[in-house]
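Below, each value reflects all heavy atoms present in this structure, side chains not excepted, and no hydrogens, waters or symmetry copies. Sequence lines set the chain letters: A, B, ... in the order given, protein chains first and strands last, and positions in each chain run from 1.
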There are 2 protein chains.
Amino acid sequence: MSGAKSMSMELPLDQILRGECVETMRTLPSGSVDCVFADPPYNLQLRGELRRPDDSLVDGVDDDWDKFSDLQEYDRFTRAWLTEARRVLHKDGTIWVIGSYHNIFRIGAILQELGFWILNDIVWRKSNPMPNFRGRRFTNAHETLIWAARSEDSRYRFNYQAMKALNDDVQMRSDWYLPLCTGNERLRNEHGLKLHPTQKPESLLHRVLLASTTVDDVVLDPFTGTGTTPAMARRLRRRFIGIERHPDYVEAAMSRVARETPLADDAVVTTQDKREAPRVPFGSLVERGLLPVGTVLCDKKQRVSATVSPDGTLVSGAKRGSIHKLGAQLTNAPSCNGWTFWHFERNGEFLPLDVLRQESLEQAKTTASMAKAAAAG
Amino acid sequence: MSGAKSMSMELPLDQILRGECVETMRTLPSGSVDCVFADPPYNLQLRGELRRPDDSLVDGVDDDWDKFSDLQEYDRFTRAWLTEARRVLHKDGTIWVIGSYHNIFRIGAILQELGFWILNDIVWRKSNPMPNFRGRRFTNAHETLIWAARSEDSRYRFNYQAMKALNDDVQMRSDWYLPLCTGNERLRNEHGLKLHPTQKPESLLHRVLLASTTVDDVVLDPFTGTGTTPAMARRLRRRFIGIERHPDYVEAAMSRVARETPLADDAVVTTQDKREAPRVPFGSLVERGLLPVGTVLCDKKQRVSATVSPDGTLVSGAKRGSIHKLGAQLTNAPSCNGWTFWHFERNGEFLPLDVLRQESLEQAKTTASMAKAAAAG
DNA sequence: TGACGTACTGAATCTGTGA
DNA sequence: TTCACAGATTCAGTACGTC
């Protein structure tokens with residue numbers, strides 16, 4: 001593994017090179033890095049300003065580096081840096097690229113055209129995304145990472161057991177649930193303003209590097225920014241080469257890296273994921289047909305009743321609302337737990353909705369353990 | 001909305017047309033469908049299924065086939081059917097395409113090149129994915145849907161409130177957690193084997209159709225397969241046009257559709273978006289005496305106040321304007337929703353103007369249904 | 001010290017209608 | 001086509017001040 005290591009004496013290791021990414025990569029020897037992590041401009045194409053419902057202004061990404069005249073120019077740029085990245089990558093190396101729907105399809109298509117072999121597309125589900133303020137689309141709550149080998153016959157590294165251990169001993173899936181980079185982790189300038197508009201969380205790079213590299217592997221980040229990749233590489237005792245155009249970012253990243261202490265030889269990495277609570281929206285039971293649309297529900301004493309709508313609301317006469325709201329409204333109560341208030345009929349018996357929720361959770365659990373057993377056996 | 005409806009007399013509605021998708025779409029008039037849902041072949045390995053735009057079969061390239069030419073064939077095929085889909089789509093219509101990392105980047109890139117405007121990429125997280133048996137990659141636990149409008153300036157439909165209701169009254173996110181199609185829902189042949197390798201779950205189509213179409217909208221599915229789209233369209237009282245090449249699937253899908261009972265008129269209604277509610281001019285409330293001229297209104301915290309004029313404007317000192325304009329002016333805000341900003345007193349309580357508007361709409365609804373009842377009886 | 005309330009923020013392609 | 005204007009719209013956090 002890590003065939004790139006033999007060449008490492010020629011490489012500018014553990015440095016962040018100031019310069020344009022394509023021309024700087026040209027100075028690196030072919031096949032010299034084990035892994036590339038790239039967070040290129042997304043080509044967001046934001047138009048006007050956007051305000052929250054409270055009229056505060058959203059601080060959008062309006063930096064020059066994210067401006068491209070059209071799709072063709074973005075494609076040219078993408079093809080150029082991916083071509084160099086592929087040259088620099090060891091034959092058994094892998095590349096990670098992160099993006100959103102604005103650019104990820106360009107990137108994926110060009111990766112395939114250049115001969116990269118896609119291994120997974122990974123979904124970073126954000127625990128705390130920015131909401132959609134105008135109610136005109138689904139909340140954009142994820143970003144996509146593509147993980148690809150240099151070619152179809154690359155004998156790439158994947159630390160299967162480490163990923164499984166990181167995920168409570170079930171196989172790591174292609175959807176990762178991680179919070180945004182906020183709070184103390186976010187680098188700020190002297191005015192307390194964020195230093196970089198798109199700083200990635202350390203947890204994301206931690207998982208990426210832990211999955212696809214080993215100690216002393218060389219990781220190249222052609223769009224280093226504030227240096228999350230170098231910082232995590234140093235912490236996990238990988239070597240890094242950063243490339244960054246803006247001198248301020250180079251400086252900030254290098255001092256950030258200097259603050260990192262590499263883990264000790266015997267340090268066992270057991271970072272726990274922030275686990276997701278198994279919330280079951282009532283609507284999902286309706287969608288999945290566990291409770292047919294049009295079913296009539298009533299309270300235990302059958303004093304009030306309501307009908308299930310396709311969107312998971314209940315209707316009673318002119319009143320419509322969630323299972324909780326309508327229950328409260330019909331009983332003139334300040335609040336109501338719809339799961340225990342509303343009952344449905346099954347085999348001549350009236351059962352609370354909560355029974356369905358339990359069954360749905362039970363079902364999910366069974367499926368998970370079956371998957372686990374299948375994977376183990 | 002549903003501008004496509006006016007053309008519906010010429011359309012083969014609620015049918016599944018047997019034929020190749022491109023040439024069959026060519027028989028449909030331009031701008032005639034409100035929504036397209038497409039689950040195209042994922043390909044890249046299933047080369048036997050590939051056809052050129054002229055529907056001729058691609059030569060069987062075997063051992064030493066060239067991947068690049070294979071990609072190109074897939075792109076040609078994709079461009080051909082997406083071009084026809086775009087022609088058939090109404091100018092305000094939207095398209096959904098589902099795929100995996102094998103093909104979704106080709107599809108997304110071509111969608112953008114054809115002028116579609118991506119609204120969201122949606123991640124279908126599978127509650128019960130197939131585990132990765134080799135342990136060489138992350139468990140492929142999701143598929144991706146792209147939701148796109150026909151063009152950047154399409155005034156597309158998004159049933160925001162219905163989606164919010166379906167998700168326990170928080171905005172629906174771009175990641176959906178749904179089980180695979182299994183059990184009774186899965187169509188099987190006489191030997192108990194699954195009829196189709198990639199039958200999609202009904203819950204997925206339920207959400208798709210509920211989000212982006214309304215009753216009587218026309219939905220086109222150019223790769224109908226076992227007919228999940230037609231079945232859900234019928235259940236939710238949308239119209240459908242299916243296209244499917246294999247006669248066995250056409251037959252299975254049509255008999256499946258026949259088993260569906262459309263929801264009743266009042267059962268199919270979902271939570272309405274406020275934008276679609278009939279507009280109530282503030283002046284009409286004043287006219288009808290629901291709010292006497294001279295009433296003093298104030299904001300919730302009683303920092304500013306204004307008096308109701310006979311023409312429905314508000315006056316505060318030397319300033320005069322609509323409920324929205326004056327609210328914005330007095331708070332130095334760029335805009336203001338006067339219905340929720342201004343409050344009036346009733347029984348010692350301060351209520352937003354919106355309460356009056358709701359009451360007026362409620363009243364109108366009651367009157368309308370009484371008139372209907374009177375006419376019927 | 002702790003409970004509570006207010007302010008702020010995050011890769012965002014973010015309105016619809018009628019004159 | 002452009003302009004004006006009505007009016008619709010937010011979730012999960014962190015940080016900090018007050019009581």
Any B:Arg357 side-chain nitrogen or oxygen under 4.0 Å from OP1 or OP2 of D:dA8: yes
Quick check for you: among D:dT10, C:dA11, C:dT13, whose closest atom lies nearest to any side-chain atom of A:Pro53? D:dT10
For A:Cys181, which contact category applies under a 4.0 Å heavy-atom criterion: base, sugar-phosphate, or nothing? nothing
Of A:Arg47 and A:Leu57, whose closest DNA chain C nucleotide lies nearer the 5' terminus? A:Leu57
OP1 or OP2 of C:dG10 versus the side-chain N and O atoms of A:Lys194: is any pair under 4.0 Å? yes
Using a 4.0 Å heavy-atom cut-off across all strands, classify A:Gly99 as base, sugar-phosphate, or nothing. nothing
Answer yes if the ring centres of B:Trp147 and B:Tyr156 are under 6.0 angstrom apart, and no otherwise. yes
Nearest of D:dG7, C:dC14, C:dA11 to any side-chain atom of A:Val61? C:dA11
Can you say whether the rings of A:Tyr249 and A:His196 are parallel (under 30°), tilted (30 to 60°) or perpendicular (over 60°)? tilted
Name the nucleic acid region contacted by A:Val58, choosing base, sugar-phosphate or nothing; use a 4.0 angstrom heavy-atom cut-off, strictly under. base
Report the nucleotide, chosen from C:dC14, C:dA12, C:dG10, that has the shortest atom-to-atom distance to any side-chain atom of A:Tyr101. C:dA12
What dot-bracket string describes DNA chain C from 5' to 3', counting Watson-Crick and G-U wobble pairs whose defining distances are under 3.5 Å, with [ ] for crossing pairs and | for pairs to another strand? .|||||||||....|||||
To the side chain of A:Trp65, which of D:dA15, C:dA11, C:dC14 is closest? C:dA11
Contact class for A:Arg186 (heavy atom, under 4.0 Å): base, sugar-phosphate, or nothing? sugar-phosphate
Using only side-chain N and O atoms of A:Arg136, determine if any of them is under 4.0 Å from OP1 or OP2 of C:dG16. yes
B:Lys164 side chain, from C-beta outward: closest of C:dA11, D:dC11, C:dA12: D:dC11
Please check if any side-chain donor atom of A:His142 sits under 3.5 Å from a side-chain acceptor atom of B:Asp121, or the reverse. yes
What does A:Asn140 touch in the nucleic acid at a heavy-atom separation under 4.0 angstrom: a base, only the sugar-phosphate, or nothing? sugar-phosphate
Only pairs under 3.5 Å count here: list side-chain donor-acceptor contacts from residues 277-288 of chain B, not counting sequence neighbours, and write none if there are none.
unit_1	atom_1	unit_2	atom_2	d
B:Ser284	OG	B:Pro281	O	2.8

Is it the case that the base of D:dT9 and the side chain of A:Arg52 share a donor-acceptor contact (distance under 3.5 Å, atom types as modelled)? no
Can you check the A:Tyr177 OH to D:dC11 P distance for me, whole Å? 14 Å
Look at the side chain of A:Asn132 and decide which nucleotide, out of D:dT14, C:dC14, C:dA11, has an atom nearest to it. C:dC14
When the ring centroid of A:Trp65 is compared with that of A:Phe223, is the distance short of 6.0 Å? no
Without hydrogens or angle criteria, can the side chains of A:Asn184 and A:Arg186 be said to hold a donor-acceptor pair below 3.5 Å? no
Taking the ring centre of each residue, are B:Phe344 and B:Phe350 less than 6.0 Å apart? no
Output yes when at least one side-chain N/O atom of B:Arg155 is less than 4.0 Å from OP1 or OP2 of C:dT17, else no. yes
Hey, does B:Ile323 reach any base, or is it just sugar-phosphate, or nothing, if we go heavy atoms under 4.0 Å? nothing
The nucleotide from D:dA6, C:dC14, D:dT9 with an atom nearest the side chain of B:Arg279 is D:dA6
Among the candidates D:dC11, C:dT13, C:dT17, find the nucleotide nearest to the side-chain atoms of A:Pro131. D:dC11
A:Asn184 side chain: which of D:dA15, D:dT9, D:dT10 is closest? D:dA15
What's the verdict on ring-ring contact (aromatic ring centres under 6.0 Å, His included) for B:Trp124 and B:Trp176, showing C-alpha distance, side-chain angles and the deciding distance? CA-CA 5 Å; B:Trp124 167 29; B:Trp176 301 355; 9.5 Å; no
Does the gap between the ring centers of A:Phe138 and B:Phe158 come in under 6.0 Å? yes
For A:Asp62, answer base if it contacts any base atom (sugar-phosphate contacts may also be present), sugar-phosphate if it contacts only those atoms, and nothing otherwise; contact means non-hydrogen atoms under 4.0 Å. nothing
With P as the reference atom in both, quote the distance from D:dT10 to C:dG16 in angstrom, rounded to an integer. 15 Å
Measure CG/A:Leu187 against P/D:dT14 and give the value in whole Å, please. 17 Å
Determine: side-chain N/O of B:Lys325 to OP1/OP2 of D:dC5, distance under 4.0 Å, yes or no. yes
Could you work out the separation of D:dG13 and C:dT13 based on their C1' atoms and round it to a whole Å? 25 Å
Under 4.0 Å, counting only non-hydrogen atoms across every strand here, what does A:Ser100 touch: a base, just sugar-phosphate, or nothing? nothing
Would you mind classifying the nucleic acid contact of A:Pro40 as base, sugar-phosphate or nothing, using non-hydrogen atoms under 4.0 angstrom? base
Side-chain contact check for A:Asn128: nearest option of D:dA12, C:dA12, C:dG16 is D:dA12
Any carboxylate oxygen within less than 4.0 angstrom of a Lys/Arg side-chain nitrogen, looking at B:Glu276 and B:Arg157? yes
Is B:His324 near enough to D:dG7 that one of its side-chain N or O atoms lies under 4.0 angstrom from OP1 or OP2? yes
side-chain N/O A:Arg134 vs C:dT15 OP1/OP2, d < 4.0 Å: yes
Across the strands shown, which category fits B:Tyr160 at heavy-atom distances under 4.0 angstrom: base, sugar-phosphate, nothing? sugar-phosphate
Comparing nearest nucleotides in DNA chain D, the 5'-proximal residue of the pair B:Arg173, B:Gln161 is B:Gln161
Considering only atom C1', compute the distance from C:dT1 to D:dG17 and round it to an integer number of Å. 15 Å
In whole angstroms, the gap separating P of C:dT13 from CD of A:Glu49 amounts to 16 Å
Let me know the distance between CH2 of B:Trp342 and P of D:dA8, rounded to the nearest Å. 17 Å
Quick one: which of A:Leu205, A:Leu209, A:Thr224, A:Thr228 gives a side-chain contact (heavy atoms from CB on, under 4.5 Å) with A:Phe37? A:Leu205
Heavy atoms only, 4.0 Å cut-off, all strands: where does B:Thr340 land among base, sugar-phosphate and nothing? nothing
So, is C:dT13 syn or anti if syn means the angle is within 90° of 0? syn
Residue met sooner reading DNA chain C from 5', once A:Asp54 and A:Phe133 are mapped to nucleotides: A:Asp54
Here's a test of your reading of the structure: between A:Thr182 and A:Pro129, which maps to the more 5' nucleotide of DNA chain D? A:Pro129
Could you state the atom-to-atom distance from CD of B:Gln171 to P of D:dT9 in whole Å? 10 Å
